[in-house]
Amino acid sequence: MKNDIFISSRTRLARNIDSFPFFLKDDRALSLTKTVYAILRQMDKFEIYKMSDFDDITAFAIMERHLISADLIKNKKFGAVIVGDDEAVSIMLNEEDHIREQCIFKGLNLKESYDRLKFIDRALSKELKFAYHKNYGYLTSCLTNLGTGLRASVMMFLPALALTKNIDDCLKNVTRAGMVVRGVYGEGSEPAGFIYQISNSRSLGITEHEIIESVDLAARSLAKAEQAARDMLIEKDFSYMRDKILRSYGILSHSYILPYNEFLSLIAFIKLGIYYGFLNIKDADILNDLIEQMGPASLGVEIASKKLNIDKDIMRAMQTIKSFKRNITVN
């Protein structure tokens with residue numbers, strides 16, 4: 001299954017305006033938003049969205065698509081996000097820093113992600129004076145972002161390491177190598193559905209190239225361990241794994257009510273089933289897209305927009321069944 005272990009790669013740059021205090025709470029925040037949007041519109045197709053225009057459920061639906069953070073949602077008065085046409089690039093304004101630029105690509109593509117983001121950052125730096133110190137690099141509200149201001153991360157699917165109880169040792173190894181391990185939505189979130197986010201822990205005293213290389217190396221090391229764990233699982237108990245996968249398929253393709261956490265747990269075994277060849281799927285990215293679409297807030301927005309009178313867990317079950325019938329077959 002293409003991009004099975006490597007779900008996505010993200011690079012993010014934290015920037016602040018020189019002479020402006022952190023956490024802007026006045027008209028300068030609004031002026032900055034307008035300026036950044038004007039610069040970006042000259043480069044490509046971008047749309048701007050203000051947090052004040054969103055109700056909470058819509059804001060969280062956008063977060064489920066990884067376009068904004070929970071911290072930005074809290075800043076209803078001054079927070080905004082500028083999103084590229086393909087949604088790979090999003091720029092958050094007045095979050096923890098004045099500007100947070102990010103680019104997300106599918107698979108393991110950190111270098112490509114950073115190359116695109118670098119182009120945007122250079123365009124902004126020509127028009128804006130970023131806060132910079134000759135010894136400490138880019139000045140940021142969080143000390144861990146001092147220096148390059150770059151956070152590179154890879155979202156990884158690691159079910160076999162978790163099922164074989166080897167995940168803790170592997171994550172300790174990458175932590176010792178200077179990485180941070182988080183859940184699906186970053187700091188403070190849990191690794192639901194065996195999905196982990198691996199990123200650099202420091203940005204000071206190291207170059208952008210070194211950050212990209214170190215995170216890439218850590219991700220590849222984890223992928224190698226995951227591959228070995230998958231081989232171990234199927235060799236140790238073929239019948240159990242096939243049964244677990246087909247039971248998961250049966251529940252997901254026939255449920256009437258499907259809570260989100262159960263959905264995430266079961267969909268992980270569907271991915272494993274495709275990897276082992278027990279199941280076939282038309283498109284490798286369908287399951288990752290389905291996970292994003294089945295988030296509680298995303299479903300809530302869809303229900304509200306269509307004025308449906310239906311429980312989210314029931315609708316999740318219906319849409320999962322529909323997707324499975326179209327895209328997945330059993331060998």
Return yes if some donor-acceptor pair links the side-chain N/O of [X] with the main-chain N/O of [Y] below 3.5 Å, else return no.
X: S113; Y: R10; result: no
X: S221; Y: L217; result: no
X: S141; Y: E96; result: yes
X: T320; Y: R316; result: yes
X: D97; Y: R15; result: no
X: E64; Y: A297; result: yes
X: T148; Y: T207; result: no
X: H254; Y: Y249; result: no
X: S201; Y: G178; result: yes

Evaluate the ring planes of F130 and Y138, with Trp represented by its six-membered ring, and classify them as parallel (under 30°), tilted (30 to 60°) or perpendicular (over 60°).
perpendicular
Taking atom [atom1] of [X] and atom [atom2] of [Y], what is their separation to the nearest 0.5 Å?
X: I62; Y: I73; atom1: CD1; atom2: CD1; value: 8.0 Å
X: S298; Y: Q293; atom1: OG; atom2: CD; value: 8.5 Å
X: I257; Y: E262; atom1: CD1; atom2: CD; value: 10.0 Å
X: N145; Y: N200; atom1: CG; atom2: CG; value: 8.5 Å
X: I321; Y: K325; atom1: CD1; atom2: NZ; value: 6.5 Å
X: L171; Y: R176; atom1: CG; atom2: CZ; value: 11.0 Å

Answer with yes or no whether the side chains of [Y] and [X] bring together a donor and an acceptor at under 3.5 Å.
X: N75; Y: K25; value: no
X: N280; Y: N331; value: yes
X: N109; Y: S9; value: no

So which residues get pulled into L30's cluster when ILVMFWY side chains under 4.5 Å apart are joined, directly or through others?
F78
Heavy-atom count check: over 12 atoms from other residues, nucleotides or ligands less than 6.0 Å from [X] [atom1]?
X: K76; atom1: NZ; answer: yes
X: L143; atom1: CG; answer: no
X: Y136; atom1: OH; answer: no
X: K118; atom1: NZ; answer: yes
X: D27; atom1: CG; answer: no
X: M318; atom1: CE; answer: no

Can you confirm whether L24 sits close enough to I17 that some side-chain heavy atom of one is under 4.5 Å from a side-chain heavy atom of the other?
no
Do the side chains of L299 and Q319 get nearer than 4.5 Å, heavy atoms only?
yes
Would you sort out whether D71 and K74 count as a salt bridge (Lys or Arg N to Asp or Glu O under 4.0 Å), showing the intermediate values?
CA-CA 5 Å; D71 284 336; K74 296 174 186 176; 3.7 Å; yes
As a quick check of understanding, evaluate salt bridge (Lys or Arg N to Asp or Glu O under 4.0 Å) for R230 and D4, giving each step before the final call.
CA-CA 12 Å; R230 292 186 185 192; D4 173 24; 2.2 Å; yes
Can you check salt bridge (Lys or Arg N to Asp or Glu O under 4.0 Å) on R247 and D243, steps first, answer last?
CA-CA 6 Å; R247 282 176 184 268; D243 181 69; 2.7 Å; yes
Do you reckon V301 sits in the same ILVMFWY cluster as M51, going by side-chain contacts under 4.5 Å, direct or chained?
no
Please report the C-alpha distance between L233 and Y276 in whole Å, then the side-chain angles of each, then the deciding distance to 0.1 Å, and finally whether the side chain to side chain contact (heavy atoms under 4.5 Å, CB included) criterion is met.
CA-CA 11 Å; L233 275 178; Y276 287 133; 3.7 Å; yes
Sorted by first residue and then second, give each ring-ring contact (aromatic ring centres under 6.0 Å, His included) pair with at least one member in residues 197-240; sequence neighbours left out.
F238-F278
